Protein chains: 2
Amino acid sequence: MKGRVASPTPQNPLEARLLQALRDAGLRLTVQRRAICRYLASTKSHPTAQQIYNALKDEFPSLSLATVYNTLDTLVRLGAIHALGNTGDGAIHYDADIEPHVNLACLQCHRVVDLPCEAVAELDRKVAAESGYRILGARLVYYGLCPECQRAAQQTPSVSVAAHH
Amino acid sequence: MKGRVASPTPQNPLEARLLQALRDAGLRLTVQRRAICRYLASTKSHPTAQQIYNALKDEFPSLSLATVYNTLDTLVRLGAIHALGNTGDGAIHYDADIEPHVNLACLQCHRVVDLPCEAVAELDRKVAAESGYRILGARLVYYGLCPECQRAAQQTPSVSVAAHH
DNA sequence: CTCCGAAGTTGGAATTATTCTAAAGTAGAA
DNA sequence: TTCTACTTTAGAATAATTCCAACTTCGGAG
Ligand SMILES: [Mn+2]
Ligand SMILES: [Mn+2]
Ligand SMILES: [Zn+2]
Ligand SMILES: [Zn+2]
């Protein structure tokens with residue numbers, strides 16, 4: 001049968017990689033960490049800590065936002081996920097996909113999408129070889145206005161780039 | 001003679017570009033904005049708002065931190081400088097050099113240095129051509145431990161990556 | 001040259017994402 | 001099962017950034 005509550009070996013390879021990173025570091029695989037890893041691996045939305053918390057609090061009512069922050073920080077320090085930074089909404093967005101690619105962030109709607117790009121792999125190699133740094137992660141983001149928000153801006157040409165208030 | 005108080009046409013091409021971006025946008029070239037642009041163009045240190053403020057407050061005692069934030073925001077929105085994000089010190093670092101290059105951020109000492117890289121120009125072109133976004137800026141950062149901080153970490157192997165407190 | 005309105009600056013208050021804390025819970029080795 | 005170091009938790013604390021309303025400055029009209 002396909003019953004049983006939880007699958008000990010996750011099908012999602014992204015999720016498996018995150019859990020393995022925790023294991024390799026000698027850290028415990030708690031329910032909370034599993035849930036956060038599962039959520040990170042399940043979405044391409046580049047979520048913030050608050051978004052992860054909101055997505056999980058129904059299933060795990062005792063989950064604390066502090067745990068989400070702690071886990072994200074741990075995963076970033078392990079190099080298992082990337083911290084892309086703020087996209088205009090004041091919160092840091094995270095990316096569980098560490099395969100070489102470029103991220104496009106919209107300053108208007110705050111969404112982040114991926115752009116496959118072979119040149120990034122070359123970049124990774126060059127940085128690893130020449131920088132002398134111990135690299136933990138990358139933040140490869142181009143920011144601006146997505147196609148939809150550009151259209152929306154044209155229909156309401158009221159505020160120019162110079163306008164503050 | 002080489003007297004006179006201020007040079008109307010700055011020698012630094014980076015500074016000239018920042019001022020021209022403000023002019024082109026129809027914005028006023030105030031003393032504060034000039035000073036902030038001059039400082040941004042004068043350093044390769046990828047400063048934060050507070051660092052810029054600290055560097056200028058002796059020369060401009062009335063300068064407000066709010067003005068530094070406003071000006072940085074304006075320059076970012078014009079695409080004249082890049083917002084690289086937080087490097088572990090909780091503050092956003094800015095880069096007045098928008099020529100294609102990679103930035104290396106150290107999570108320990110919070111310094112950011114440049115790594116020239118021709119592959120980035122290709123990346124820029126690809127993103128401009130294929131993304132459909134109106135690109136305002138880029139945040140091309142690899143983060144980790146700089147050579148110096150790696151050495152320091154070896155001599156004090158007390159706290160591993162797993163240690164929180 | 002003087003006046004006026006828009007744009008810009010200022011200091012301090014307000015906001016809020018993130019971090020800190022100490023107490024309570026639990027994974028996992030033995 | 002037992003033990004303990006590692007984790008989680010709720011809430012307080014921190015501090016970067018934004019907001020605000022009053023004041024100043026700039027550049028053009030008259
Ligand atoms: Mn991505
Ligand atoms: Mn740089
Ligand atoms: Zn958008
Ligand atoms: Zn360092």
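No experiment lies behind these values; they were computed from the predicted model shown. Residue numbering restarts at 1 for every chain, and letters A, B, ... go by the order of the sequence lines.
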Residues touching DNA chain D, which here means a heavy atom under 4.0 Å, drawn from residues 42-52 of chain B: none
Strand contacts (DNA chain D) in residues 56-67 of chain A, 4.0 angstrom heavy-atom criterion: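 Nucleic-acid contacts, sorted: A/S62, A/L63, A/S64, A/A66, A/T67.
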Between [X] ([atom1]) and [N] ([atom2]), how many Å, whole number?
{"X": "B/I92", "N": "D/dA15", "atom1": "CD1", "atom2": "P", "answer": "17 Å"}
{"X": "B/N70", "N": "C/dT9", "atom1": "CG", "atom2": "C1'", "answer": "8 Å"}
{"X": "A/D89", "N": "C/dT15", "atom1": "CG", "atom2": "C1'", "answer": "15 Å"}
{"X": "A/Y53", "N": "C/dA17", "atom1": "OH", "atom2": "C1'", "answer": "15 Å"}
{"X": "A/L72", "N": "C/dA17", "atom1": "CG", "atom2": "P", "answer": "15 Å"}
{"X": "A/R34", "N": "C/dG28", "atom1": "CZ", "atom2": "C1'", "answer": "12 Å"}
{"X": "A/N86", "N": "C/dA17", "atom1": "CG", "atom2": "C1'", "answer": "10 Å"}
{"X": "A/H93", "N": "C/dA17", "atom1": "NE2", "atom2": "P", "answer": "11 Å"}

Go through the side-chain N and O atoms of A/R23 and A/Q20 and say whether any donor and acceptor fall under 3.5 Å apart.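 Short answer, yes.
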Are side-chain N/O atoms of B/N103 and B/H93 paired as donor and acceptor at under 3.5 Å? no
What closest approach, in Å, do [X] and [Y] show between heavy atoms, and which atom pair accounts for it?
{"X": "A/K126", "Y": "B/P116", "answer": "CE-O, 3.4 Å"}
{"X": "B/D89", "Y": "B/N86", "answer": "N-OD1, 3.5 Å"}
{"X": "B/L14", "Y": "B/A41", "answer": "CB-CB, 3.8 Å"}
{"X": "B/L63", "Y": "B/Y53", "answer": "O-CE1, 3.2 Å"}

Is any NZ, NE, NH1 or NH2 atom of the basic residue among B/E59 and B/R38 found under 4.0 Å from an Asp or Glu carboxylate oxygen of the other?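 Salt bridge flag = yes for B/R38 with B/E59.
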Phosphate contact (C/dT18 OP1 or OP2) by A/Y69 side-chain N/O below 4.0 Å: yes
Is the distance from OP1 or OP2 of D/dT9 to the nearest side-chain N or O of A/Q32 less than 4.0 Å?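 So the side-chain polar atoms of A/Q32 do come within 4.0 Å of the phosphate oxygens OP1 or OP2 of D/dT9, strictly under.
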Would you please name every residue forming a side chain to side chain donor-acceptor pair (under 3.5 Å) with A/H82, sequence neighbours left out?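 Result, side chain to side chain donor-acceptor pair (under 3.5 Å) vs A/H82: none returned.
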Does some side-chain heavy atom of [Y] sit less than 4.5 Å from a side-chain heavy atom of [X]?
{"X": "B/L123", "Y": "A/C117", "result": "yes"}
{"X": "A/L18", "Y": "A/I36", "result": "no"}
{"X": "B/L75", "Y": "B/C37", "result": "yes"}
{"X": "A/Y142", "Y": "A/L115", "result": "no"}

Expected rows: protein N/O vs nucleotides 23-29 of chain D N/O, under 3.5 Å:
residue	atom	partner	partner atom	Å
D/dC26	O2	B/R28	NH2	3.3

Mind grabbing the angle between the end helix axes of the helix from C/dC1-D/dG30 to C/dA30-D/dT1? Five pairs an end, 10° rounding.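 Taking the rotation axis at each end, their angle is 30°.
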Please, which pairs that meet salt bridge (Lys or Arg N to Asp or Glu O under 4.0 Å) have at least one residue in residues 136-148 of chain B, sequence neighbours excluded? B/R111-B/E148
Testing A/T71, A/D95, A/L72, A/D97 one by one against A/I81 for a side-chain contact (heavy atoms from CB on, under 4.5 Å), which residue passes? A/L72
